[in-house]
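Remarks on the structure that follows.
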Amino acid sequence: MQSNNSILVLPTIHNIEEVISGLSAKYKLTKGKFSQLEYILKDGKVLLRHAGRDIKEFSNVWLSSYWRSRDLAYAVKLYLTHNEISHTFVEKATSKLTDQMIFALNKLPIPNTFYIDDEDISNHIDTIEEICSYPLIIKDITGSGGRHSALVSSREQLIEKYNELPKRKKYLFQQFIPNDYDWGILVVNGKAVSAEKSYSQEGEFLNNTCNGAEEVFVNIK
């Protein structure tokens with residue numbers, strides 16, 4: 001047991017004070033909300049911050065989730081496991097956010113990325129700009145085919161495009177890296193079996209074939 005007996009309950013559950021008081025050890029309780037949790041992946045470093053505090057500073061994190069937040073909780077679990085912080089069990093659930101977390105924790109380079117589970121981004125714009133800068137991409141973390149994505153080059157565009165996107169979706173903000181094409185590589189049982197380059201249409205920032213990109217398959221060797 002660590003001497004720092006602080007516990008973050010994320011999100012706070014009913015009668016949590018009564019539950020905590022019944023434990024054998026005494027804990028300093030922090031009631032959590034996913035809407036207060038910032039996921040920051042910048043310059044090869046990962047930081048998960050709840051109400052401004054790095055969650056690895058807690059000795060324990062009590063995680064729970066429902067369908068909409070399961071991937072958020074799993075991303076938290078990945079961070080806590082990496083930093084060897086005690087936490088409750090969370091079912092595996094994937095999204096673009098958990099993918100980026102896995103890449104970053106394993107020292108694979110990714111674009112600078114910010115996520116917060118808050119439909120109103122007005123209080124987070126400074127943070128988004130600091131982490132991602134312009135141009136940046138807004139991206140649905142469970143979307144596919146480039147749907148519900150937007151490329152923006154200014155604060156005005158960021159607010160405008162974000163407000164045009166469907167509500168009740170979850171969006172991450174990511175540094176845009178210009179490219180001539182991107183790779184698609186299919187790996188089966190640890191072996192690359194197919195590879196392609198996707199060249200976007202002129203004037204299009206998406207490399208998806210469904211958005212007009214040209215697929216060029218290459219010799220797998």
Side-chain angles (χ1 to χ4, degrees), residues 2 4 8 10 34 36-50 52-61 63 65 69-117 124 126-144 146 149 151 170-198 205-208 218 220-221:
Q2 300 182 40
N4 168 28
L8 170 65
L10 185 68
F34 277 116
Q36 293 178 291
L37 184 63
E38 298 173 299
Y39 302 72
I40 300 169
L41 298 82
K42 183 181 180 183
D43 300 333
K45 298 179 181 179
V46 181
L47 172 64
L48 265 62
R49 196 164 60 188
H50 181 270
R53 181 180 178 184
D54 188 340
I55 64 171
K56 70 182 180 186
E57 294 178 9
F58 293 93
S59 60
N60 297 269
V61 177
L63 278 169
S65 64
S69 63
R70 193 153 295 160
D71 62 316
L72 307 184
Y74 186 67
V76 174
K77 175 252 189 309
L78 293 169
Y79 182 74
L80 296 173
T81 299
H82 180 80
N83 289 287
E84 300 182 341
I85 303 300
S86 177
H87 58 279
T88 52
F89 173 79
V90 176
E91 289 185 51
K92 183 176 181 178
T94 60
S95 67
K96 289 182 174 66
L97 180 62
T98 59
D99 290 345
Q100 298 302 310
M101 181 72 67
I102 291 169
F103 295 152
L105 291 174
N106 285 280
K107 304 302 181 183
L108 294 172
I110 64 168
N112 290 339
T113 303
F114 175 77
Y115 176 80
I116 190 162
D117 188 33
H124 311 293
D126 288 343
T127 305
I128 294 169
E129 292 176 335
E130 176 189 352
I131 294 168
C132 302
S133 68
Y134 295 110
L136 63 84
I137 290 182
I138 309 170
K139 188 180 297 184
D140 178 0
I141 67 173
T142 57
S144 62
S149 297
L151 175 64
K170 297 184 291 185
Y171 301 97
L172 59 77
F173 303 88
Q174 198 162 53
Q175 170 193 12
F176 176 67
I177 299 177
N179 60 86
D180 296 320
Y181 60 86
D182 73 10
W183 280 100
I185 302 175
L186 178 63
V187 179
V188 179
N189 293 330
K191 182 179 179 181
V193 298
S194 180
E196 66 172 10
K197 293 179 178 180
S198 295
F205 72 94
L206 296 168
N207 296 89
N208 307 83
V218 301
I220 193 60
K221 292 182 181 180

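- The heavy-atom pair separating Ala192 from Ile220 by the smallest distance is O-CG1, 3.5 Å.
- Proximity of a side-chain donor or acceptor of Lys96 to a complementary backbone N or O of Gly143 within less than 3.5 Å is detected.
- Checking side-chain atoms of Thr81 against main-chain N and O of Lys77 turns up a donor-acceptor pair under 3.5 Å.
- When side chains are defined from C-beta on, Leu47 counts as touching Asp54, because their heavy atoms get closer than 4.5 Å.
- Tyr134 and Glu129 share a side-chain donor-acceptor pair at under 3.5 Å.
- You'll find the side chain of Ile55 stays beyond 4.5 Å of the side chain of Ile85, heavy atoms only.
- Rounding to the nearest 0.5 angstrom, the gap separating the CG atom in Leu8 from the OG atom in Ser59 is 10.5 Å.
- Inter-residue side-chain proximity for Tyr74 and Leu63 is flagged as unmet; no heavy-atom pair is nearer than 4.5 Å.
- Atom NZ of Lys92 and atom CG of Leu78 lie 9.0 Å apart (nearest 0.5 Å).
- Put simply, the residue from Asp43, Leu41, Ile177, Leu136 that forms a side chain to side chain contact (heavy atoms under 4.5 Å, CB included) with Asn112 is Asp43.
- The shortest distance between side-chain heavy atoms of Lys197 and Trp183 falls below 4.5 Å.
- Taking NZ from Lys42 and OG1 from Thr113, the interatomic distance works out to 12.0 Å, rounded to the nearest 0.5 Å.
- From Phe103, atom CZ reaches atom CG of Leu108 across 7.0 Å, with rounding to the nearest 0.5 Å.
- One distance of note links CG of Leu105 with OG1 of Thr98; it measures 11.0 Å at 0.5 Å rounding.
- Annotation: side chain to side chain contact (heavy atoms under 4.5 Å, CB included) contacts of Val188 (sequence neighbours excluded): Leu186, Val193.
- In terms of heavy-atom proximity, Ala75 sits nearest to Leu48 at O-CD2, 4.3 Å.
- Side chains of Thr127 and Phe173 form no contact here, defined as non-hydrogen atoms less than 4.5 Å apart.
- With a 4.5 Å cut-off on side-chain heavy atoms, Asp71 and Ile141 count as touching.
- Among residue pairs with one or both ends in residues 100-109, those qualifying as side chain to side chain donor-acceptor pair (under 3.5 Å) are Gln100-Gln174; sequence neighbours excluded.
- Taking 4.5 Å as the limit, every side-chain heavy atom of Val46 sits out of range of all side-chain heavy atoms of His82.
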Determine, step by step, whether Leu37 and Val76 satisfy the side-chain contact (heavy atoms from CB on, under 4.5 Å) criterion, reporting the C-alpha distance in whole Å, the side-chain angles of both residues, the deciding distance to 0.1 Å, and the verdict. CA-CA 10 Å; Leu37 184 63; Val76 174; 3.4 Å; yes
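- The aromatic rings of Phe114 and His124 are tilted relative to each other, their planes meeting at an angle between 30° and 60°.
- The distance from the CG atom of Asn179 to the CG atom of Asn207 is 4.5 Å, given to the nearest 0.5 Å.
- Two residues are said to be in side-chain contact when any heavy atoms from C-beta on lie closer than 4.5 Å; Leu72 and Tyr39 meet this criterion.
- Heavy atoms only, all atoms of each residue included: Asn208 and Gly146 are closest at ND2-N, 3.6 Å.
- Heavy-atom minimum distance, Gly52 versus Arg49: C-CG, 3.2 Å.
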